[in-house]
Structures are given as structure tokens and as C-alpha cells.
J.: 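Please read through the structure below; I'll follow up with questions.
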Amino acid sequence: MCEAPTRASRLGAQERVGDRTVVERDFPEDFLWGAATAAHQVEGFNRDSDWWAAEEAGKLPYRSGAACRHLERYEADFDLARAYGHNAHRLSLEWARLEPQPGRFNSAAFAHYARVLSALHARRLEPVVTLHHFTLPHWLAERGGWLAPEAVDRFVFYTEAVARELGGAIRFWLTVNEPTVLAKHGYVIGDWPPFVRNRWDRAARVIARMCRAHRAAYRVLHAHDAHARVSFAHSLPWIEPCRPWRWVDRAAAAVRRFLWCDLCFYLMREGGELLLDYLAINYYTRAVVRWQPRGRALLFGADCLDPHHGGDRRFDELGQEVWPEGLYRVLKHYARLGLPIVISENGIATTDDELRNEHLLGHVRALARARAEGVDVRGYFYWTLFDNYEWARGFTAHFGLAALEPGSLARKPRPAMEIFARIARSGRLPQREGTQAAP
Ligand code: IFM
């Protein structure tokens with residue numbers, strides 16, 4: 001992934017078949033195709049984490065419980081991914097399992113993740129590994145979580161252990177997942193641990209801490225392996241003003257974009273150098289922002305959810321707009337950072353198969369269009385492989401390429417899984433399948 005793509009691969013690679021036929025591809029052979037998951041959402045019984053403690057204490061509306069039993073079923077899950085054309089897989093390691101007590105690592109948990117990584121390699125699935133995906137060890141949360149003075153040092157200590165024990169099996173790293181999302185839910189909306197409301201100052205400090213933790217972990221991972229490829233997964237919606245002719249809406253959108261999207265890029269610099277080897281984008285939706293002089297919206301602007309704003313809009317189960325054009329715009333916009341790009345998450349919460357199919361095709365087309373215009377996109381990870389524990393929404397949001405059968409937890413592939421497989425195997429968009437260029 002980190003070799004610069006050739007001009008041919010950027011513009012739609014061409015492949016020799018036999019001696020004469022040349023087949024056009026929209027995506028090169030080494031493009032990463034996979035699904036993304038996170039430990040707490042799929043593994044089950046994550047007992048030493050802050051989320052588990054909050055669930056047990058009745059502070060969250062849903063419990064994760066056995067989740068999807070991925071802890072035991074990971075091999076079958078990776079078989080499924082491989083059978084449907086995936087060549088990569090994004091997962092997270094659970095810090096709370098690996099370090100259930102401060103400074104005391106659990107060797108059985110390390111052995112488990114070593115087996116998980118071998119299982120991926122055995123199936124030729126490239127692992128992309130997140131070190132921190134929203135959950136914290138309960139002991140750290142009790143000391144203040146990301147706001148504890150020791151938080152960054154603790155994260156570095158954990159990262160060093162992971163690099164030492166598992167680093168040989170990992171090339172692509174994501175240090176932290178979506179710092180702005182965690183700060184918003186944990187310290188502004190207050191529906192996630194630690195359930196603090198309207199503390200913008202703390203939210204800002206959490207973001208700054210997580211960015212500092214990223215910088216430190218970046219150095220650690222490179223010290224262990226000069227070839228490591230390190231990034232963090234950033235939530236990057238497309239943000240635009242609701243009434244572009246009104247300066248207040250333009251200003252609200254600009255402030256939102258700065259705080260939500262661009263601030264982390266400033267905080268991830270050291271001596272002017274941006275400590276990212278690639279840009280990992282979680283893209284779901286666009287935000288149409290209007291100025292509103294009240295409450296939270298004063299700072300961030302209010303979301304315009306008018307279903308007829310600029311044509312008929314479609315929203316998923318979580319109220320996120322389905323807008324593939326936004327992925328294209330985000331890619332064109334952030335190409336200016338000059339980094340290779342991986343879409344580390346993209347997906348939709350729905351049980352409507354047609355909508356999921358359309359969503360997938362629309363977003364993959366947006367990717368292909370951006371690539372054809374020279375944007376260096378190297379991979380696409382669908383959120384997610386099968387329906388799982390969607391944080392405070394429990395199991396009520398359906399993001400999976402496969403559904404979970406209640407009770408048995410059997411994975412039932414949805415039609416989109418087959419569409420994904422065809423694109424991943426052929427490197428071509430469906431309407432172009434069978435197209436042959438002249439020799
Ligand atoms: O489920 C989450 C994931 O944990 C982080 N990014 C967004 C997903 C869907 O809401």
C-alpha cells in the first residue's frame with residue numbers, strides 16, 4: 001500500500017490476460033478491500049473495560065454481553081471475509097484485556113491476539129490494527145480516563161508492549177479511533193462513558209490528549225519497525241453551509257470543519273511535520289450546517305435535517321444522510337495533505353437491502369472517480385462485517401455486510417456482501433465488468 005501507485009494504477013490499471021487482451025481495472029490489484037470491526041462491538045464479555053462497567057451499572061441503555069462471540073468465532077469470521085473477496089481486515093486490540101490491571105499485562109490475551117493475527121495472515125487478509133477504539137481499561141477510566149495526567153504515558157506503555165509482542169505481525173496501525181467522536185459523546189452529549197455533559201473545555205482537552213498519545217505512539221511504533229505505517233482513524237464528514245449565501249452559515253460550517261476535521265491535523269504535527277504515514281478516513285455522511293444563536297449550536301452550528309434541502313435526501317437508521325458525493329469531495333479536499341489515503345470506515349445502518357446496495361455502489365464509484373482524478377486512495381474498509389453492538393444504540397443499528405441471526409448469532413450475508421465480493425475480486429465497478437479495451 002505504501003509504494004507510490006504507478007500512473008496506470010492511479011488512472012485505472014490495465015492488465016494483460018493471455019498475450020493480447022488488456023482488461024481495464026478501476027482499482028489496482030494491491031488495493032486493500034476489507035471490513036472494519038472494533039473489539040468491544042464484536043468480541044463479547046469485555047469485562048475489564050469502562051464500557052462493561054457502565055453497562056453493568058445500568059448507565060447505558062443496552063449491554064454488549066456476548067456481543068457477536070467473535071472472541072471464539074474469529075476464524076469462521078475471517079473465512080467468511082476471505083470467501084467474499086476481502087484481502088484485508090481492520091480490527092482493534094482491546095487494551096482492557098491486554099492490561100487489565102495497571103502495568104500488568106495478560107499473557108493469555110496477547111497469545112489470543114497473536115492467534116488472531118496468524119489467522120488473518122493464513123487467509124491472506126492484511127491486518128490493519130487499531131490500538132484504541134473508544135473503550136478504556138476500567139482502572140484508567142477510574143483515574144480520569146484520557147484526562148488523567150498519566151493517560152498518555154499509559155498509552156505509550158501499552159503501545160510498547162503491543163509493538164514488542166505483536167508488532168512483527170502488523171504493518172498497518174491506527175493508534176486511536178475518532179477522537180472527536182469520543183470527545184463529543186463522552187464530554188458534550190454525555191451518552192457514553194464518562195457521561196459528562198456540555199464540558200467543551202474537557203472535550204477539547206481529550207482531543208488534545210489523544211492527539212498527543214498518537215504522536216508518542218507514532219514514535220514508538222517507528223522505533224520498533226522503521227517500515228510500520230501509522231495513522232489514526234479520523235471521522236471526516238463533508239461539511240457545508242445550509243444557506244451558502246448567508247455569511248453566518250458559511251462561518252458556522254467553517255468553525256465546525258475546523259474543530260471537527262482540521263484541528264487534529266494541527267495537533268498531530270511535531271516541528272511542522274505531520275506524524276501520519278497515511279490518512280485514514282471514516283466517512284459516513286455530510287453535515288449541512290446553519291447558524292443558530294442558542295446552546296451547543298452557537299459554537300458548532302445546527303444541523304439542517306430538512307428532507308427536501310437540495311432535493312430528496314435519504315437518511316439511515318441513525319439519521320445520517322446517505323450522500324456518496326461527500327466522499328468524493330472529502331477525498332478531493334484532503335488530497336492536499338499529500339498522503340496516501342485509506343477509507344478506514346464507510347457504511348450504512350439499515351435493513352433495506354436495496355438502499356445498502358445503492359449506498360455501497362455509490363461510495364465505491366465516488367472512490368473510483370477520485371482515483372481517476374489522481375487522488376491516491378489505496379484501500380476501502382466497509383463498516384462492518386456483520387451487525388454488532390453499536391455503542392449506546394446497542395444492537396438496533398444494522399451496519400453489517402451480514403446480519404446476525406438472533407440467538408444463534410449466525411452470520412447471514414446480505415446481498416451487498418456479494419456486490420462487495422465482485423468488486424474486490426475484479427477490481428472493477430459493476431457496470432464496467434466485461435469491458436475489454438483494444439490490445
Ligand atoms: O460503530 C461505529 C464505530 O465504532 C466507529 N465509527 C462509526 C461506526 C458506526 O457508527
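Residues take their numbers from the sequence shown, with the count starting at 1. One-based numbering, in listed order, for ligands and for the atoms of each. Quick note: numbers below take in every heavy atom, side chains included, and nothing from hydrogens, waters or symmetry partners.
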J.: Note the single closest protein heavy atom to atom 2 (C) of ligand 1, along with its residue, its atom name and the distance in Å.
T.: Glu390 OE1, 3.6 Å
J.: Out of Gln320, Glu178, His133, indicate the one that has the non-hydrogen atom closest to atom 3 (C) of ligand 1.
T.: His133
J.: Any idea how Phe258 and Tyr266 line up, ring-wise: parallel (<30°), tilted (30 to 60°), or perpendicular (>60°)?
T.: tilted
J.: Do Arg314 and Glu358 meet the salt-bridge criterion of a basic N to acidic O distance under 4.0 Å?
T.: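 Salt bridge between Glu358 and Arg314, a charged N being under 4.0 Å from a carboxylate O: yes.
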J.: With heavy atoms only and a cut-off of under 4.0 Å, state how Val181 meets ligand 1: side chain, backbone, both or neither.
T.: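 Neither; no heavy atom under 4.0 Å.
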J.: Pick out which of Lys412, Arg411, Arg414 makes a salt bridge (Lys or Arg N to Asp or Glu O under 4.0 Å) with Asp387.
T.: Arg414
J.: Is the closest N or O pair between Gln41 and ligand 1 shorter than 3.5 Å?
T.: yes
J.: Going by the atom numbers of ligand 1, which of them fall below 4.0 Å from some non-hydrogen atom of Phe399?
T.: 9 (C), 10 (O)
J.: Considering the heavy atoms of Asn177, write down every atom of ligand 1 situated less than 4.0 Å from one of them.
T.: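 Counting atoms of ligand 1 from 1, those under 4.0 Å from Asn177 are 5 (C).
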J.: Between Phe134 and Trp192, is the ring centroid distance below 6.0 Å?
T.: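 Yes, the ring centres sit under 6.0 Å apart.
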J.: Would you mind listing which atoms of ligand 1 come within a distance below 4.0 Å of any non-hydrogen atom of Phe134?
T.: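 Listed by number with element: 4 (O), 5 (C).
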J.: Which of the numbered atoms in ligand 1 are below 4.0 angstrom from a heavy atom of Trp391?
T.: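 Counting atoms of ligand 1 from 1, those under 4.0 Å from Trp391 are 1 (O), 2 (C), 3 (C), 4 (O).
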J.: Who's the nearest protein heavy-atom neighbour of atom 7 (C) of ligand 1, and how far?
T.: Glu345 OE1, 3.2 Å
J.: Apply side chain to side chain contact (heavy atoms under 4.5 Å, CB included) to Arg229 and Arg171, showing your working.
T.: CA-CA 6 Å; Arg229 289 290 165 259; Arg171 252 195 312 165; 5.8 Å; no
